[in-house]
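Please read these numbers as outputs of a predicted model, since none were measured by experiment. A note on names: the letters A, B, ... follow the listed sequences, proteins ahead of strands, and every chain is numbered from 1.
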Amino acid sequence: MAKTSPRPRAKPAAAARPAVVRDPDNMPPSHPVPAERPVFWFGFEVSWAKLALARAVLFGLLALDALLQIRHAPRYGAGGFNVAQLPGLGALGPTRSSYGIGQLLDAYLLVLAACGVATRVVIPAAAAIYAWLYFGSQLDSYQHHYLIALVLALASFVPWQRPHRARAATRVRSWALRLILVQLAVLYLWAAISKMTPAWLDGRALDQQVGGTLRALIDHTIGLALTSKLVLATELALAATVWLRPAWWVAAPVGILFHLGIVFTGLEIGLFAWLMIATYILVVPDVIWVWLGELSWPGAARAHARVDSADALARPHGGGWLGIALVVGVLLAVACRIESAHVVGVLLALVPLAIALLSKRNHSRAWLGVAHVLALGLWVLVDRGSTVTSDYARLWGGASRRLGELDTAEAAYRRLAELTPDDPGAHLRLGRILLERDQGDAGLAELHVAEEMEPGAARAWLEEARWLMRHGQLAEATAKAKEGTYAEPSNAEARQLLDTLLGKRHAPGAAAGGDADGDAP
Amino acid sequence: MIASVVASTIALGRTWRGRLILIVLTTQLLLPLRYYLANRDPHDERFAWRMFSPMRMSKCTPHFFLDGKPLPLASQYHEAWLELAGRGRFGVLEAIGADQCAKHPGAHVHASLDCSYLDAPARRFEAADLCTDPELGHGEDLPAPTR
């Protein structure tokens with residue numbers, strides 16, 4: 001493959017200033033490019049191996065997290081009520097649909113970022129969408145959402161794209177990376193300060209928060225009080241070391257173990273602990289990533305061959321492959337069952353086209369196509385490999401039912417039954433809402449499906465018995481309640497209903513119907 | 001040391017990137033101070049980096065009354081909002097009050113919030129009428145439960 005000379009660049013704007021690269025082969029360390037002052041910020045360098053790995057892992061995880069968040073979409077705009085993070089933004093907060101679309105777009109853009117495609121555009125765009133979703137509503141207002149919003153904003157200023165002919169050891173200079181690390185230190189400092197109270201130090205606060213396998217380990221070893229003190233000490237240590245290169249040999253193992261411990265606490269914080277571990281890619285000393293990087297580039301000759309191949313990839317060719325990728329992308333969008341994914345996925349075909357046509361950096365069109373397919377493929381993977389899509393329908397139906405929006409609840413539960421036809425709970429919920437809407441035959445038919453699918457559970461029998469009782473069919477209701485007790489002899493509710501029916505007494509609450517079926521978020 | 005910090009700060013102020021760094025640093029160092037120095041709502045730990053703090057373990061029970069009658073919140077607001085109200089988030093409670101005042105012009109919306117803490121006596125926060133005074137009060141200690 002022919003070697004190409006560097007392409008002439010357009011006049012670099014200040015924001016798009018190319019990364020300062022010191023390649024040991026081309027520029028001896030004794031003559032470094034002088035950094036602006038203060039050097040602490042503007043002279044901060046990491047190896048390309050570290051930057052590339054952080055880019056792939058961090059943005060890949062954030063993309064996955066965005067898709068997993070879609071199950072929360074039904075809470076947004078429910079009942080027409082919203083409180084924004086900042087005063088005055090309430091009316092601009094996301095709704096169910098716009099939240100879902102926002103997270104789909106974010107996931108797509110973050111996969112492009114993970115692949116190194118147009119990072120100067122896609123990361124700020126993803127950061128803006130994430131900021132809107134976060135600041136627009138207090139619904140998901142954990143501290144980690146705030147941290148991700150900040151880190152994405154700062155990441156917009158990092159030169160994530162591969163510098164020309166960069167190798168594993170090539171140093172890339174970035175003040176924004178230093179700022180991300182300092183941001184982490186500030187976080188640890190304030191987190192430690194918040195724990196300087198008797199309730200934390202004596203272990204009472206930890207007692208109520210920690211579960212899982214870590215809790216068992218703590219209880220059988222050092223106890224909660226000592227663990228609480230160790231957590232505080234760890235946070236202070238990380239605040240002092242995470243931003244300081246010479247201290248990375250301490251900060252990296254301590255921080256990774258600390259966040260790995262949080263993974264095993266059983267706390268429901270999604271991927272956050274993993275995201276924190278991923279940020280430690282930036283803290284692990286460069287020499288480790290360079291060493292690992294050079295395992296795949298073992299010799300200078302092969303390294304240059306790889307570099308030349310990479311250069312060739314950067315040429316504007318592969319239009320045919322891009323075309324194929326766009327077709328595959330449309331098929332993936334159609335295969336994705338997440339709400340609005342069809343339309344959004346098809347429209348997103350415009351993104352790689354726009355990048356191919358407008359970007360000054362000559363992206364390989366084949367690689368653009370690969371990134372496009374990977375991004376939409378992740379949608380399908382999450383849709384088919386997790387419960388996000390069915391959770392969305394279930395939570396949407398449950399919230400709508402409780403808020404009295406029965407039309408919407410019926411639509412959501414029909415969708416749920418369509419998505420999970422083998423789930424008895426879906427048929428139960430659909431049957432119940434149909435009965436509430438006076439569609440007796442259709443509702444009973446759904447309950448019968450649930451009864452057949454779930455022979456060891458009483459809940460569908462109970463629903464049917466209650467409905468029959470409300471309609472004065474006491475003999476039929478008694479028979480169904482009996483079936484419920486046979487199906488699930490330990491079910492006290494079934495027994496109580498049967499007693500009520502046999503005694504021909506109308507228990508005040510018996511006809512109300514339960515709601516403990518897991519529709520709450 | 002101090003001279004070096006001052007010189008660095010001045011140098012940072014000369015470029016847009018440096019000014020951005022200064023803004024981020026100042027915000028991140030000072031914004032959490034707001035929680036400790038000037039926060040009307042002790043339960044609102046947003047932007048303060050108080051992960052896993054003891055305050056997170058506080059449990060609150062909100063009560064709303066519309067012209068003296070209890071307001072059923074569960075049929076009007078999503079559980080996620082009620083969960084935030086159960087954590088004592090004043091902003092959410094006051095927004096619910098404002099929403100009720102808008103839905104029922106001329107009505108009185110009384111709100112109270114009873115909270116228990118790991119490291120402090122239980123407190124009650126009240127607003128006699130959120131339609132005339134849209135903020136919850138400072139709160140008063142509740143008597144300790146008798147055993």
Given a strict heavy-atom distance threshold of 4.5 Å, which part of A:Gln183 is in contact with chain B: side chain, backbone, both, or neither?
side chain
When the 4.5 angstrom heavy-atom criterion is applied to B:Leu25 and chain A, the contacting part is side chain
So, the part of B:Arg89 with a heavy atom under 4.5 Å from chain A: the answer is side chain
Looking at A:Pro198, A:Pro38, A:Gly404, which one has more heavy-atom pairs under 4.5 Å with chain B than the rest?
A:Pro38
Check: A:Leu133 and A:Gln69 side chains under 4.5 Å, non-hydrogen atoms:
no
When the 4.5 angstrom heavy-atom criterion is applied to A:Pro74 and chain B, the contacting part is backbone
Which bit of A:Trp175 comes within less than 4.5 Å of chain B, counting heavy atoms only: side chain, backbone, both or neither?
side chain
Distance to the ring centre below 6.0 angstrom and angle to the axis at most 45 degrees; does that hold for A:Arg96 and A:Trp396?
yes
Pair count under 4.5 Å, heavy atoms only, with chain A: among B:Ser8, B:Ala11, B:Pro32, B:Ser53, highest is B:Pro32
Taking side chain as everything from C-beta outward and backbone as N, CA, C, O, which of these in A:Leu154 sits under 4.5 Å from a heavy atom of chain B? Side chain, backbone, both or neither.
side chain
Residue pair B:Asn39, B:Arg46: steps toward the side-chain contact (heavy atoms from CB on, under 4.5 Å) verdict
CA-CA 11 Å; B:Asn39 199 5; B:Arg46 291 174 304 138; over 6 Å; no
If I measure from the heavy atoms of chain A, does B:Leu29 come under 4.5 Å with its side chain, its backbone, both, or neither?
both
Checking A:Leu147 against chain B: side chain, backbone, both or neither under 4.5 Å from a heavy atom?
both
Applying the side chain to side chain donor-acceptor pair (under 3.5 Å) test to A:Arg215, which of A:Asp207, A:Thr265, A:Thr227 qualifies?
A:Asp207
Derivation and outcome, side-chain contact (heavy atoms from CB on, under 4.5 Å), residues A:Ser228 and A:Leu201
CA-CA 6 Å; A:Ser228 298; A:Leu201 294 171; 5.8 Å; no
Please find the pair of heavy atoms, one from A:Leu403 and one from A:Gly79, that lie closest to each other, and give the distance.
CD1-N, 3.7 Å
Where on B:Glu45 is there a heavy atom nearer than 4.5 Å to chain A: the side chain, the backbone, both, or neither?
both
At a heavy-atom distance under 4.5 Å, which candidate from B:Arg56, B:Met55, B:Met57 has the highest pair count against chain A?
B:Met57
Heavy-atom side-chain contact between B:His78 and A:Arg402 under 4.5 Å:
no
Between B:Asp44 and B:Tyr35, a side-chain donor and acceptor under 3.5 Å:
no
Report the C-alpha separation of A:Trp190 and B:Phe47 in whole Å, then their side-chain angles, then the decisive distance to 0.1 Å, and conclude whether the side-chain contact (heavy atoms from CB on, under 4.5 Å) test is met.
CA-CA 10 Å; A:Trp190 282 116; B:Phe47 313 124; over 6 Å; no
Counting the benzene-type ring for Trp, do A:Trp200 and B:Phe52 have ring centres under 6.0 Å apart?
no
Is it the backbone or the side chain of A:Tyr142 that comes under 4.5 Å from a heavy atom of chain B, or both, or neither?
side chain
Test side-chain contact (heavy atoms from CB on, under 4.5 Å) on A:Ile277 and A:Val263 and set out the steps.
CA-CA 10 Å; A:Ile277 292 169; A:Val263 170; 4.2 Å; yes
Below 4.5 Å, heavy-atom pairs only: which of A:Leu139, A:Leu179, A:Asn82 has the largest tally toward chain B?
A:Leu139
Inter-chain contacts: residues 113-136 of chain B against chain A, heavy atoms under 4.5 Å:
B:Leu118, B:Asp119
Atom group of A:Leu187 that falls short of 4.5 Å from chain B, counting heavy atoms
both
Where on A:Phe157 is there a heavy atom nearer than 4.5 Å to chain B: the side chain, the backbone, both, or neither?
side chain
Counting only heavy atoms closer than 4.5 Å, note whether B:Val24 contacts chain A via side chain, backbone, both or neither.
side chain
A:Phe272 and its ring pair (Phe, Tyr, Trp, His ring centres under 6.0 Å) partner, picked from A:His259, A:His145, A:His144:
A:His144
With a 4.5 angstrom heavy-atom cut-off, which part of B:Thr15 approaches chain A: side chain, backbone, both or neither?
side chain
Whatever's closer than 4.5 Å to a heavy atom in chain A on B:Gln28 counts as both
Start with the C-alpha gap between B:Trp49 and A:Tyr146, add the side-chain angles, then the distance that decides, and say whether ring pair (Phe, Tyr, Trp, His ring centres under 6.0 Å) holds.
CA-CA 9 Å; B:Trp49 302 123; A:Tyr146 177 41; 4.7 Å; yes
Between B:Ala95 and chain A, with a heavy-atom cut-off of 4.5 Å, which part of the residue counts as in contact: side chain, backbone, both or neither?
both
Tell me, out of B:Arg14, B:Glu94, B:Arg87, who's got the most heavy-atom pairs with chain A below 4.5 Å.
B:Arg87
A:Asp140/A:Arg75 ion pair, N-O < 4.0 Å:
yes
When the 4.5 angstrom heavy-atom criterion is applied to B:Leu31 and chain A, the contacting part is side chain
Before you tell me yes or no, could you show the steps for B:Tyr36 and B:Arg50 under side-chain hydrogen bond (donor to acceptor under 3.5 Å, both in side chains), namely the whole-Å CA-CA distance, both residues' side-chain angles and the distance that decides it to 0.1 Å?
CA-CA 11 Å; B:Tyr36 299 92; B:Arg50 290 174 53 84; 3.0 Å; yes
Just so I know, are the side chains of A:Ile269 and A:Ile262 near enough to count as touching, which here means a heavy-atom distance under 4.5 Å?
yes
When the ring planes of B:His43 and B:Phe90 are compared, do they come out parallel, tilted or perpendicular, using 30° and 60° as the limits?
perpendicular
